[in-house]
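Take a look at the structure below.
Side-chain atoms are counted along with the backbone in the values below, which use heavy atoms only and exclude waters and symmetry mates. What you are looking at is a predicted structure, and each value in this text was computed from that prediction instead of being measured.
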Amino acid sequence: MRGDRVGFESAGAVARAIRRKDVSAREVVAAHLEHVERVNPRLNAIVTLTAERAMDQAALADERLAAGQDVGPLHGLPVAHKDLADTAGVRTTYGSPLFAEHVPEHDDLVVARMAAAGAISLGKTNVPEFGLGSHTFNPVFGMTRNPYDHARSAGGSSGGAAAALAAGMVTLADGSDVGGSLRNPASFCNVVGLRPTPGRVPSWPVAAPWSHLGVQGPMARTVADTALLLSVLAGPDPRSPISLETPGGDFTPPLEGDLRGLRVAWAPDLGGAVPVDAEVRDALRPVPSLFEGLGAEVTEACLDLSGADDVFRTRRAWQLELTHGALLDEHRDRLKPDAVWNIERGRELTGPDLARAERLQSALHQRVLAFFERFDVLLAPVCQVVPFPAELDYPHTVDGVDMETYLDWMASCYLVTAMGCPALSVPAAFTPAGLPVGLQIVGPPRADARVLAVGHAFESAARAGERRP
């Protein structure tokens, strides 16, 4: 496996080659490390590299296979972990100078599950400070750049993970998503990211274990590889009170790809709820016809999303105050202004504010259920803009509409978060300037397998994901 071929191999194919002993884990990891050394300096996607440790783990992986021991579904696959996920013995900074030298003692659950399945970590991927914002830059490591245009944003907050995948530095990566942090960078970097149904991938430890707002999930270059990683990450854990009982093995590829009779709702601006730039609208214009060509029944429709914005902003501000309020008290001058603003919004909330959000979300949930009685999936843009110039903190206008805060331009994702549904970002098209545009495929709650199957069929027809940087 040559370094210049790394980005063109699927995780599933590499895993099968290692198990057949066509190639060793050491050869695979060495090739990826060579590729990291060559391309990462231009992208800054992997920010803490654990090369020696990875080669040691690869040697152990080869020894286990040679001894005839059982190996996991990710055996020998090079991966990387988001720098918000704790990794025992490996620096985890959360993108904050307050934690620049922080080395956790324990692994997050998703990290432990990937390791138990045989994955070999090459290190940590870059994030915005505390994962706040969909543009990856921080005072510790600087900015991650888009592999398709180094002058553009890679998105965020899983921007380092998406850029590393797109550039072929890793086969799989974990991400997390509150308001689009898995989906936005996947769209910007032409890879796949799944925001699972809350509880599908248990998170531990977390400050708000009952919350359905933030999730962790899989990222890959193809939908099948995304499903492979989900099969490892999913499944119950008693420490997560919202974890779902379905075993992860239920998501193991292959994926069903027949869309005949599928009832599709096409919502190019989420029913008028969000402005969308012309470049995105134009890139996604062929989507309905493509689905119809696959046998689906497509109707332009969207559920009533009134109240969803209030739900998301209220619950997010409350959760940020819960998780970072103490840091604001002690280190206000060392937090980025957006973090200070959002934590303070959480402190302004009252009991009636939280009660209103609860009522609005309950009503929204009923509308979600009714909508998905009529339709099997909802299709919409992932992002309202194409990857924007990296020197911007965030897009300040979308289709001529002013964005008042660093959250506004990602409403196309965070309104879906409020719905409580699984949502997949899958490569859909490129603009004339060569910038990636992703399609968001949303299913009813707990229909993660359906979303993956539809995404796989669309991916096979659109073939945008085959275009490399």
Side-chain angles (χ1 to χ4, degrees), residues 47-48 81-112 124-141 156-158 160 174-181 198 202-216 239-242 310-358 393-394 405-407 414 417:
V47 289
T48 297
H81 301 298
K82 189 172 180 178
D83 204 26
L84 298 183
D86 282 352
T87 42
V90 177
R91 181 172 58 161
T92 302
T93 74
Y94 319 120
S96 167
L98 298 173
F99 295 91
E101 304 303 325
H102 173 59
V103 179
E105 296 181 0
H106 304 285
D107 286 331
D108 268 12
L109 180 57
V110 294
V111 174
K124 307 303 288 287
T125 58
N126 205 19
V127 297
E129 184 177 337
F130 296 119
L132 301 179
S134 286
H135 181 22
T136 298
F137 64 95
N138 63 63
V140 183
F141 298 115
S157 62
S158 307
D174 59 81
S176 57
D177 188 302
V178 173
S181 290
S203 296
W204 182 262
V206 288
W210 293 95
S211 174
H212 288 68
L213 199 64
V215 300
Q216 292 173 292
R239 293 169 295 182
S240 171
I242 66 169
D310 194 352
V311 168
F312 175 79
R313 289 174 182 266
T314 300
R315 294 199 181 281
R316 186 179 189 276
W318 173 83
Q319 193 162 312
L320 279 175
E321 201 288 325
L322 169 69
T323 54
H324 300 311
L327 292 177
L328 180 65
D329 292 334
E330 298 175 21
H331 304 287
R332 173 183 289 265
D333 60 334
R334 299 186 68 186
L335 298 178
K336 71 177 186 180
D338 288 333
V340 173
W341 169 79
N342 227 165
I343 296 168
E344 288 182 335
R345 296 294 77 75
R347 291 190 167 176
E348 294 169 359
L349 294 171
T350 65
D353 291 329
L354 296 175
R356 183 186 66 253
E358 186 75 17
D393 50 355
Y394 62 88
T405 75
Y406 80 110
L407 299 175
Y414 74 63
T417 293

- Does the distance from a Lys or Arg side-chain N to an Asp or Glu carboxylate O, for Glu129 and Arg334, drop under 4.0 Å? no

- Query: Any side-chain heavy atom of Lys336 sitting closer than 4.5 Å to one from Pro128?
  - Reply: yes

- Item | Any donor-acceptor N/O pair, Asp108 side chain to Val111 backbone, under 3.5 Å | no

- Enclosure of Glu105 CD (heavy-atom neighbours >12, cutoff 6.0 Å): no

- Kindly compute the distance separating OG (Ser157) from CG (Asn126), expressed to the nearest 0.5 Å. 10.5 Å

Could you give the side-chain donor-acceptor pairs of residues 314-324 under 3.5 Å, partners two or more places apart or in another chain?
from   : atom 1 : to     : atom 2 : distance (Å)
Thr314 : OG1    : Asp310 : O      : 2.8
Thr314 : OG1    : Asp310 : OD1    : 2.9
Arg315 : NE     : Gln361 : OE1    : 2.6
Arg315 : NH2    : Glu358 : OE1    : 2.6
Arg315 : NH2    : Gln361 : OE1    : 3.3
Arg316 : NH1    : Asn342 : OD1    : 2.1
Arg316 : NH1    : Tyr406 : OH     : 3.1
Arg316 : NH2    : Tyr406 : OH     : 3.3
Gln319 : OE1    : Ser211 : OG     : 2.7
Glu321 : OE2    : Arg347 : NE     : 2.9
Glu321 : OE2    : Arg347 : NH2    : 3.4
Thr323 : OG1    : Gln319 : O      : 3.0
Thr323 : OG1    : Leu320 : O      : 3.3

- Message: When you compare the side chains of Lys124 and Thr93, does any donor N or O come within less than 3.5 Å of an acceptor on the partner?
- Response: no

- Go through the structure and list residues passing ring-ring contact (aromatic ring centres under 6.0 Å, His included) with His106, not counting sequence neighbours. none

- Query: Should Asp177 and Tyr414 be marked as a side chain to side chain donor-acceptor pair (under 3.5 Å) after you check the CA-CA gap, both sets of side-chain angles, and the distance that decides it?
  - Reply: CA-CA 9 Å; Asp177 188 302; Tyr414 74 63; over 6 Å; no

- Item | Donor-acceptor contact present, side-chain Asp353 to main-chain Thr350, <3.5 Å | yes

- Query: Are the side chains of Trp210 and Pro241 in touch, meaning some heavy atoms are under 4.5 Å apart?
  - Reply: yes

- Query: So, for Gln216 and Ser203, which heavy atoms are closest and what is the spacing to 0.1 Å?
  - Reply: OE1-OG, 2.8 Å

- Task: Please report the shortest heavy-atom distance between Leu335 and Leu98, naming the atom on each side.
- Result: CD2-CD1, 4.0 Å

- Item | Exercise: identify the closest heavy-atom pair between Phe130 and Leu84 | C-CD2, 3.9 Å

- Item | Considering all heavy atoms, the nearest Asp83-Arg91 contact | OD1-O, 3.8 Å

- Task: Indicate yes or no: at least one non-hydrogen side-chain atom of Leu327 is less than 4.5 angstrom from one of Phe99.
- Result: yes

- Is Arg332 close to Val340 at the side-chain level, that is, under 4.5 Å between some pair of heavy atoms? yes

- Taking all atoms of both residues into account, what is the closest heavy-atom pair of Asp86 and Thr92, and its distance? OD1-CG2, 3.7 Å

- Message: Can you tell me how far apart CG (Leu407) and OH (Tyr394) are? Round to the nearest 0.5 Å.
- Response: 9.0 Å

- Are any non-hydrogen side-chain atoms of Val178 and Phe312 less than 4.5 angstrom apart? yes

- Item | Close side-chain approach of Leu213 to Thr417, heavy-atom, < 4.5 Å | yes

- Task: Say whether, by atom type as modelled, one donor and one acceptor occur between the side chain of Ser134 and the main chain of Gly156 under 3.5 angstrom.
- Result: yes

- Message: Would you say Ser176 and Ser181 are linked by a side-chain donor-acceptor pair, where the criterion is simply a distance under 3.5 Å?
- Response: no

- Task: Check Gly175 against Lys82 and note the closest heavy-atom contact, atom names and distance.
- Result: CA-CD, 4.0 Å

